[in-house]
Q: 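Below you'll find the structure I mean.
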Protein chains: 2
Amino acid sequence: MTHTQWTIQEVAQATGISSRTLRHYDQTGLLEPTDTIAGGMRTYDQRALLRLQRILLLRDTGMRLTTIADVLDGSTDDAEALREHRTHLVRERTRVDDQLAAVDATIKAIEKGDTIMPNQMFDGFDHTKYDAEVRERWGGEAADRSDSWWSDLGTDGQHDFRKQLDELNAQWDAVITEGVDPASDRAQEVAKRHVGWMTASWQGQQLEADMLKGISQMYVDDERFAANYNRVSPEGPAFVRDALHVYADRNI
Amino acid sequence: MTHTQWTIQEVAQATGISSRTLRHYDQTGLLEPTDTIAGGMRTYDQRALLRLQRILLLRDTGMRLTTIADVLDGSTDDAEALREHRTHLVRERTRVDDQLAAVDATIKAIEKGDTIMPNQMFDGFDHTKYDAEVRERWGGEAADRSDSWWSDLGTDGQHDFRKQLDELNAQWDAVITEGVDPASDRAQEVAKRHVGWMTASWQGQQLEADMLKGISQMYVDDERFAANYNRVSPEGPAFVRDALHVYADRNI
DNA sequence: GCTTGCGCTTGACGCGGCGTCAACCTGTAG
DNA sequence: CTACAGGTTGACGCCGCGTCAAGCGCAAGC
């Protein structure tokens, strides 16, 4: 039985959204029903459903409804809007990551016996400064139990180690943004630093070419590891892998 | 010049928040000023500042203000509330990750020439089903350029590969939740599957003990890679590393 | 004494995407 | 005729403030 018109409930059930949502979309002009019959009852036809489907596709990305309207009505460039939204999502991701780090640090402190309580009375009294301080004192990272190498580094050393990682990530982001070739000098320079960092992290163990290739492959395969490098572009992880592959072939 | 009372502006500047925020906290009862002088002007003393500091510490984790109030007034267990909040954050993180994947897939589709447009007219017409379908067709992942191995897998193979990774992650989560020892049989079984997966991903390359140890160390060192395993507990990455170390010593 | 200006005060609306009443209409089955 | 199912149009609520608007007390300069 194929209709050409559907009631609000039929549409709602089929798409898995609520009828309230459809009414809301009507009110805001995002999706108007094809026409209204009887006592003001909304009906939707195929064209409306198609638009709805596109709306939901974009909504799944977390894009704002007004932005979606702009995109679908053609008043904004699609790809442009999506890329802008993408950077927004990346920001949100780092925010959540930071909050997770903060919450872990706080839990750790509480379990150490302290209540939630700053170590010192307000001194210099600058919140942001205080915050960084606390996070440094508490580590801001998971426990490192059986890890003598790590603890041997000392607080300063650990701090350095993390700073290097951050710098590395920033440099990858930079070359990815520039759009150069993975085999270019710029990229290979970063690859070299990356390998240097890995070697340090591995306590000087010999890094062989195959090994490096295998690991860099994981940068692409493992979704969450890929998150490390897809900040500026979804091509990021593949770029890093390619650059490291080239480096391995040439230098190891 | 050390005061014992501060005006709202002094507090605001010192902590970096706005005076509006302080008034809001007063209204909701989260932080009441020590007393009010003159024409109703709020003043804060040391005790109030201490409470404020704790508020901001928790607020930095993204915890809701009412929950913060409960914690500080002692009507909830601190650690309990934090852990609950933690799982909330983890959920949020996967949500953002999913949205990023969706946005990347959409961008890719657009650049392939299509406008934002479902491949088929509404057929079975179930939104969620449609969604999964689209994501599968478009890959839902970054481009894999020079990667013959990956493309040789075919769509089905790639799907399998990802499913295995997901299962692996779920199993790690499970054993971490259970709180067993990294050297226990349960954990070692997962470690074995993990190594199997890695070997597959590395195209059958021989995996040596040192290599495995080095990589698992990275699970802890690299913050974002650690994100893979800290979903159920901040101790997660260290647990995985320990389990893999044990496995390497025993079996390789 | 009057004005100006600063710093504070108390409301109140706005945001985003709906969920969730409430009060009402309308067509159909019993 | 009644009950019920399924629709309708408001309107408030959520959360953490930003952002006006209108007003008050106090000090300095005229």
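FYI, side chains are in, hydrogens and waters are out, and symmetry mates aren't considered; it's all heavy atoms of this structure. Just so we're on the same page: letters track the sequence lines, and every chain starts at 1.
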Q: Under the side chain to side chain donor-acceptor pair (under 3.5 Å) test, which residues partner A/R91, sequence neighbours left out?
A: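 Checked A/R91 against side chain to side chain donor-acceptor pair (under 3.5 Å); zero matches.
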Q: For B/E84, is the CD atom crowded, meaning more than 12 foreign heavy atoms sit under 6.0 Å from it?
A: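 Count not over threshold, so no.
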Q: For A/V103, is there any backbone N or O sitting under 3.5 Å from a side-chain donor or acceptor partner on B/H85?
A: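 No.
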Q: Rounded to the nearest Å, what distance is computed from the CG atom of residue B/D35 to the C1' atom of nucleotide C/dC8?
A: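 Answer to the nearest Å: 15 Å.
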Q: Tell me which residues in residues 23-33 of chain A put a heavy atom below 4.0 Å from DNA chain D, sorted by number, or none.
A: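 Correct list: A/R23.
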Q: Looking only at non-hydrogen atoms, find the nearest pair between A/L31 and A/A48 and report the distance.
A: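 Closest pair (atom of A/L31, atom of A/A48, distance): CD1-O, 3.7 Å.
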Q: NA contact type, A/T66, heavy-atom cut-off 4.0 Å: base, sugar-phosphate, or nothing?
A: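 Touches nothing.
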Q: I'd like to know whether A/Y229 forms a side chain to side chain contact (heavy atoms under 4.5 Å, CB included) with A/E235, so could you lay out the CA-CA distance, the side-chain angles of the two residues, the decisive distance to 0.1 Å, and finally the verdict.
A: CA-CA 9 Å; A/Y229 299 109; A/E235 312 285 345; over 6 Å; no
Q: Ignoring backbone atoms, establish whether A/T21 has a side-chain N or O less than 4.0 Å from OP1 or OP2 of C/dG19.
A: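 Affirmative; the distance criterion is met.
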Q: Distance under 4.0 Å to a non-hydrogen atom of chain B counts as contact; along DNA chain D, which nucleotides mark the start and end?
A: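 Nucleotide range in contact with chain B: D/dC15 to D/dT19.
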Q: What's the CD-C1' distance between B/E10 and C/dC8, to the nearest Å?
A: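 Atom-to-atom, B/E10 to C/dC8, this comes out as 13 Å.
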Q: List for me each residue that meets side chain to side chain donor-acceptor pair (under 3.5 Å) alongside B/E167, sequence neighbours excluded, and say none if there are none.
A: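 In terms of side chain to side chain donor-acceptor pair (under 3.5 Å), with neighbours along the sequence ignored, B/E167 is linked to no residue.
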Q: Can any side-chain N or O of A/S19 pair as donor or acceptor with the backbone N or O of A/Q9 at less than 3.5 Å?
A: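 Pair absent, no side-chain N/O of A/S19 close to backbone of A/Q9.
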Q: In whole Å, what is the span from the CD1 atom of B/I8 to the C1' atom of C/dT10?
A: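 Taking CD1 of B/I8 and C1' of C/dT10, I get 12 Å after rounding.
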Q: Does B/R86 reach the main-chain N or O of B/R231 with its side chain, forming a donor-acceptor pair under 3.5 Å?
A: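 Yes, B/R86 side chain to B/R231 backbone: donor-acceptor pair under 3.5 Å.
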Q: Which pairs pass salt bridge (charged side-chain N to carboxylate O under 4.0 Å, His left out) with one or both residues in residues 36-46 of chain B, sequence neighbours excluded?
A: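 Every salt bridge (charged side-chain N to carboxylate O under 4.0 Å, His left out) pair that includes a residue of residues 36-46 of chain B, provided the two are not neighbours, is B/D26-B/R42.
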Q: Using OP1 and OP2 only, check whether a side-chain N or O of B/T7 sits under 4.0 Å from C/dC8.
A: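 Checking B/T7 against C/dC8: at least one side-chain N or O falls below 4.0 Å of OP1 or OP2.
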Q: Without decimals, in angstroms, what is the distance between A/R42 CZ and C/dC25 P?
A: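 Checked: the CZ to P distance equals 17 Å.
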Q: Donor-acceptor pair, distance only, cut-off 3.5 Å: does the side chain of A/R51 make one with the backbone of A/L30?
A: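 Flag set: sc A/R51 to bb A/L30 pair under 3.5 Å.
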Q: Between the axis at one end of the helix from C/dG1-D/dC30 to C/dG30-D/dC1 and the axis at the other (five pairs apiece), what's the angle to 10 degrees?
A: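 Result, rounded to 10 degrees: 50°.
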Q: Separation of B/R20 atom CZ from C/dG14 atom P, in whole Å?
A: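 Distance check: B/R20 CZ to C/dG14 P gives 15 Å.
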Q: Is there a side chain to side chain contact (heavy atoms under 4.5 Å, CB included) between A/L52 and A/I17 once you walk through the steps?
A: CA-CA 11 Å; A/L52 175 56; A/I17 64 178; 4.2 Å; yes
Q: Classify the side chain of A/R64 versus the base of C/dG16 as yes if they form a donor-acceptor pair under 3.5 Å and no if they do not.
A: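 Such a pair does not exist between side chain and base.
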Q: Rounding to an integer number of Å, can you tell me how far B/Q9 CD sits from C/dT9 P?
A: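 Taking CD of B/Q9 and P of C/dT9, I get 9 Å after rounding.
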